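Since we're looking at a predicted model, the values are computed, not measured. Worth knowing before you read on, the calculation uses all heavy atoms, side chains too, and leaves out hydrogens, waters and symmetry mates. Below, read A as the first sequence line, B as the second, and so on, with proteins coming before strands; counting in each chain starts at 1.
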Amino acid sequence: MELTKEEQSALDGEKGDALQTAYRILVATGEATNAEKLIPIKWAHLSGVNYNTIGDSGEEFLKTLSQDAKVKVKTTLNPMGFDFDHISDFKHIDDDFIEKQKSIKDSYIKMGVEPTFSCTPYDIYDLPEKDTQVSFAESNAAIFANSLGKLKTNKESAFSALASALTGKSPYSDMRKDGTNIPLTIRMKLDNPSELDFGLLGFFAGKVGDSSVNISGVSQPDRRSCKALCGGMGTSGTCAKFQFIDEQETNSEKVDFGKEEMGKIYDELNTTDKGDLITLGSPQLGLQELSDLSNMLKGKSFQKRCMIFCSRAVQHQARSLEYTNEIERAGGEILSDCCTCLTPLIDKSQTDAVTTNSVKGAYYLKNSTGVDVNLKPLSKIIEDDTK
Amino acid sequence: MTKVIVKGKAQGTVLKTTNPINFLGAVDKKTGIIHDQEYDIFKKTVKDSILVFPYGIGSSVGAYTIYSLKNSNAAPLAMICKKADLSVASGCALANIPMIVVSNEKFDSIEDGKEIQIDTESATILN
């Protein structure tokens with residue numbers, strides 16, 4: 001990859017440690033994506049915020065970096081471990097965790113990052129015009145941006161997006177160019193798919209696809225199913241983009257996603273038929289999803305604890321539109337700034353199994369939190385677990 | 001074809017898997033032990049190995065896991081992949097872990113448990 005004189009001098013350390021680190025990362029990711037140069041980006045979305053995932057070394061790295069680093073472009077960021085407004089309700093979270101999480105939060109704010117704490121930046125801000133170059137690290141958000149927002153981003157890593165935020169640049173990879181050929185089409189064979197089916201389809205697509213896939217046999221579903229598809233896809237592979245097409249439009253290789261393929265993925269992620277706790281959100285719920293949930297819960301109450309994750313911005317909107325009234329009356333706990341994935345709010349010392357409609361959530365609940373998972377669509381959760 | 005993503009030298013024993021690795025979901029960031037039973041290297045540690053795997057998958061935060069492994073002295077000495085993904089590339093860049101990408105044929109020829117040397121300056125892998 002060719003660097004300009006200015007970029008080279010930053011890489012050589014002439015503009016401080018923070019920019020040297022950022023350019024070292026951009027050079028490695030540029031080599032990894034066969035990019036010939038760096039190009040400007042308009043918006044970075046960072047991951048690596050939850051103390052549970054980045055640990056002490058991540059906390060210390062960010063503290064040091066924030067001493068002299070400032071973001072150069074609009075920068076938003078992912079959920080952290082918990083909701084500071086409700087932390088006193090969760091006695092098992094120790095002071096050390098709270099202190100380290102606060103330090104991480106403060107480091108990002110010091111660097112000029114907007115404290116959105118959300119995996120759904122597309123539910124908070126209007127997306128910029130088509131073909132705008134962005135750098136989104138959160139995998140569901142990168143896939144959403146490329147596939148539904150018509151923006152251009154790699155499925156960035158936590159560090160490549162951070163390097164983009166600090167420099168305003170990213171390697172000019174194939175994902176950032178027009179007209180790349182999509183080599184694989186997945187034929188959706190399930191009838192009337194639920195959002196869970198779309199999540200499983202995404203997980204399957206992530207496993208079989210390379211950097212992008214076509215999906216045929218189904219038209220673009222509602223936003224909840226689209227988000228589930230993005231979440232599932234981002235979890236299992238390297239795939240950063242999908243498009244819905246008519247099968248006739250392509251000569252690419254084809255694979256089916258039918259009952260058998262779906263069942264295999266379901267059995268990999270679903271480990272029990274009953275949860276002690278319900279979580280909704282990964283990705284965090286948007287305004288329309290909260291409105292739908294409030295309608296589904298009319299006259300009903302949850303029979304077990306239910307945590308509902310949405311961004312702070314969406315929670316404010318939902319409160320002003322009073323969608324939250326019915327949800328809270330039914331016993332739902334609305335939590336912001338965090339999400340099902342890797343939140344310490346769910347702890348295996350207190351919870352054996354979790355019911356969720358999120359494929360992405362299921363993967364991390366099972367593998368990282370270490371609890372059993374009962375996967376079912378929202379309609380079935382309402383049917384089984386409310387009265 | 002051998003492509004250098006992160007420069008450096010290393011010598012050690014190959015730990016090879018055919019599974020793409022989700023660093024955040026499958027690797028313990030303090031010990032390097034693989035804790036996802038779907039992997040053929042389940043319960044093994046990546047610590048001080050020459051880790052040979054197809055490519056990284058899943059969460060973007062996996063880059064922090066690699067950085068954390070290094071800080072906990074539980075990181076691989078080097079990584080060899082078939083395909084460079086951004087999490088592994090950027091994690092290795094920050095943690096100063098040599099990383100190279102090799103052709104499918106070369107990848108297939110590397111044997112698990114073997115002692116090998118990598119030197120990115122001369123672009124060689126010695127068995």
- Which portion of A:L365 sits near chain B, non-hydrogen atoms under 4.5 angstrom: neither

- Query: Applying a criterion of heavy atom separation less than 4.5 Å, what residues of residues 44-56 of chain B form contacts with chain A?
  - Reply: B:Y55, B:G56

- Item | Under the ring pair (Phe, Tyr, Trp, His ring centres under 6.0 Å) test, residues paired with B:Y64 that sit two or more places apart | A:F159

- Message: Below 4.5 Å, heavy-atom pairs only: which of B:K70, B:K29, B:H35 has the largest tally toward chain A?
- Response: B:K29

- Query: Which answer fits A:T33, side chain, backbone, both or neither, if we ask what part of it has an atom under 4.5 Å from a heavy atom of chain B?
  - Reply: side chain

- Message: Using side chain to side chain contact (heavy atoms under 4.5 Å, CB included), reason through A:R24 and B:N96 one step at a time and then give a plain yes or no.
- Response: CA-CA 10 Å; A:R24 229 170 70 208; B:N96 258 324; 4.0 Å; yes

- Message: Which atoms of B:E38 are under 4.5 Å from chain A, going by heavy atoms: the side chain, the backbone, both sets, or neither?
- Response: side chain

- Message: Between A:K155 and B:G58 (side chain of the first, backbone of the second, donor and acceptor by atom type, cut-off under 3.5 Å), is there such a pair?
- Response: yes

- Message: Strictly less than 4.5 Å between heavy atoms, which residues of residues 136-146 of chain A line up against chain B? Please order them by number.
- Response: A:A137, A:E138

- Task: Select one option (side chain, backbone, both, neither) describing which atoms of B:K83 are under 4.5 Å from chain A's heavy atoms.
- Result: side chain

- Query: Which one of B:N71, B:D36, B:D85 has the most heavy-atom pairs closer than 4.5 Å to chain A?
  - Reply: B:D36

- Please answer whether the main-chain N or O of A:E31 pairs with a side-chain N or O of B:K3 as donor and acceptor at a distance below 3.5 Å. yes

- Item | Taking every non-hydrogen atom, the tightest pair across A:A32 and B:L86 | CB-CD2, 4.4 Å

- Query: Should we count NZ of A:K152 as having more than 12 external heavy atoms under 6.0 Å?
  - Reply: yes

- Do other residues, nucleotides or ligands put more than 12 heavy atoms under 6.0 Å from the NZ atom of A:K177? yes

- Message: Below 4.5 Å, heavy-atom pairs only: which of A:T21, A:V49, A:I25, A:I54 has the largest tally toward chain B?
- Response: A:I54

- So which bits of residues 7-25 of chain B come within less than 4.5 Å of chain A, counting non-hydrogen atoms only? B:N22, B:L24, B:G25

- Which heavy atom in B:V6 sits nearest to a heavy atom in A:A28, and how many Å separate them? CG2-CB, 4.2 Å

- Message: Is A:K360 in contact with chain B via its backbone, its side chain, both, or neither, using a 4.5 Å heavy-atom distance?
- Response: neither

- Message: Looking at every heavy atom in both B:K30 and A:D56, which two are closest together, and how far apart are they?
- Response: NZ-OD2, 4.1 Å

- Message: Can a side-chain donor-acceptor contact be found between A:S47 and B:S60 if the only test is distance below 3.5 angstrom?
- Response: yes

- Evaluate the criterion side chain to side chain donor-acceptor pair (under 3.5 Å) for residue pair B:S90 and A:S157; output intermediate values, then yes/no. CA-CA 7 Å; B:S90 65; A:S157 81; 2.6 Å; yes

- Sort A:L46 into side chain, backbone, both or neither according to what part of it lies under 4.5 angstrom from a heavy atom of chain B. neither

- Task: Look at atom CG of A:D17 and say whether more than 12 heavy atoms of other residues, nucleotides or ligands are closer to it than 6.0 Å.
- Result: no

